[in-house]
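Worksheet: one structure, shown below.
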Amino acid sequence: MKNEPDDYSIDNLKKDKICDWYGIRNYQVRNMIRDEMKKNDLAFFYHSNCDEPGIYGLMKIYKESYPDHTAFDRKAKYYDPKSNRDEPRWFMVDVKYIRHLKRPISLNELKSHKKLNKMKVVQRGNRLSITKLTQNEWNFILKIE
DNA sequence: GCCAACGTTGGC
DNA sequence: GCCAACGTTGGC
């Protein structure tokens, strides 16, 4: 799960312990969090759009999807007039901090491992803020951290 | 700050 | 339903 650290980083999450992952405005990602994410699913916290993009931490889904209320707030950055409380268009989950990786694993390093070359996050032009990875990829990353 | 890649919008 | 124009993402 990507976020820009200038906006909200793994360090912020460590402090807060739990946060709501609001602001998703992409249908593919929405479907994934709404239909597939289950409580206690694990996720990496990925820092994007920063000096050293890469994986920084480990977290889990703490609360399954519920309507993203920032879409209802006229003054919010993520306001969407097409979403309303009766028929919410956007959803979010809450995540809970587990730990930092022992060391961050940069995008460059992810790209250098042959076993990870199918991972969405290393693929060119991928713009989804949340992507799936396989159990093997997950295990591999935890082995090299 | 540039720009490639992609998603979304809206006219037709 | 096509597709050009536009906006956004995110690496570099």
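Order of the sequence lines fixes the chain letters, A, B, ..., with proteins taken first and strands second; residue numbering starts at 1 for each chain.
Cluster note: Ile18(A) groups with Tyr62(A) through ILVMFWY side-chain heavy atoms spaced under 4.5 Å, whether in direct contact or through intervening members.
Residues passing the salt bridge (charged side-chain N to carboxylate O under 4.0 Å, His left out) test with Lys132(A), sequence neighbours excluded: Glu36(A). Partners of Arg99(A) by salt bridge (charged side-chain N to carboxylate O under 4.0 Å, His left out), not counting sequence neighbours, listed by chain and number: Glu145(A). Not counting sequence neighbours, Glu87(A) has no partner by the salt bridge (charged side-chain N to carboxylate O under 4.0 Å, His left out) test. Not counting sequence neighbours, the partners of Tyr27(A) by the ring-ring contact (aromatic ring centres under 6.0 Å, His included) test are Trp90(A). Evaluation of the salt bridge (charged side-chain N to carboxylate O under 4.0 Å, His left out) rule for Arg25(A) yields Asp68(A) as partners, not counting sequence neighbours. Contacts of Tyr56(A) classified as ring-ring contact (aromatic ring centres under 6.0 Å, His included), with partners at least two apart in sequence or in another chain: His47(A).
Contacts of residues 77-85 of chain A with DNA chain B (heavy atom under 4.0 Å): Lys82(A). For residues 43-56 of chain A, proximity to DNA chain B is found at no residue, defined as any non-hydrogen atom under 4.0 angstrom from a strand atom. Within residues 20-31 of chain A, the residues approached by DNA chain B to less than 4.0 Å at the level of any non-hydrogen atom are Asn26(A), Tyr27(A), Gln28(A), in residue-number order.
No more than 12 heavy atoms of other residues, nucleotides or ligands lie within 6.0 Å of NZ in Lys120(A), so this atom counts as exposed by the packing criterion.
For DNA chain C, the contact window with chain A, defined by any atom under 4.0 Å from a protein heavy atom, covers dG7(C) to dC12(C) in 5' to 3' order.
For the residue pair Ser9(A)/Asn12(A), the side-chain donor-acceptor check at 3.5 Å is satisfied.
Pairs of residues two or more places apart, or lying in two chains, that qualify as ring pair (Phe, Tyr, Trp, His ring centres under 6.0 Å) and include a residue from residues 104-144 of chain A are Phe44(A)-Trp138(A), His113(A)-Phe140(A).
Both Arg89(A) and Arg124(A) lie near DNA chain B, and the one whose nearest nucleotide falls closer to the 5' end is Arg124(A).
For the residue pair Asp86(A) and Asn84(A), the shortest heavy atom distance occurs at N-OD1, 3.0 Å.
Remark: aromatic rings of Phe45(A) and Trp21(A) are close, center separation under 6.0 Å.
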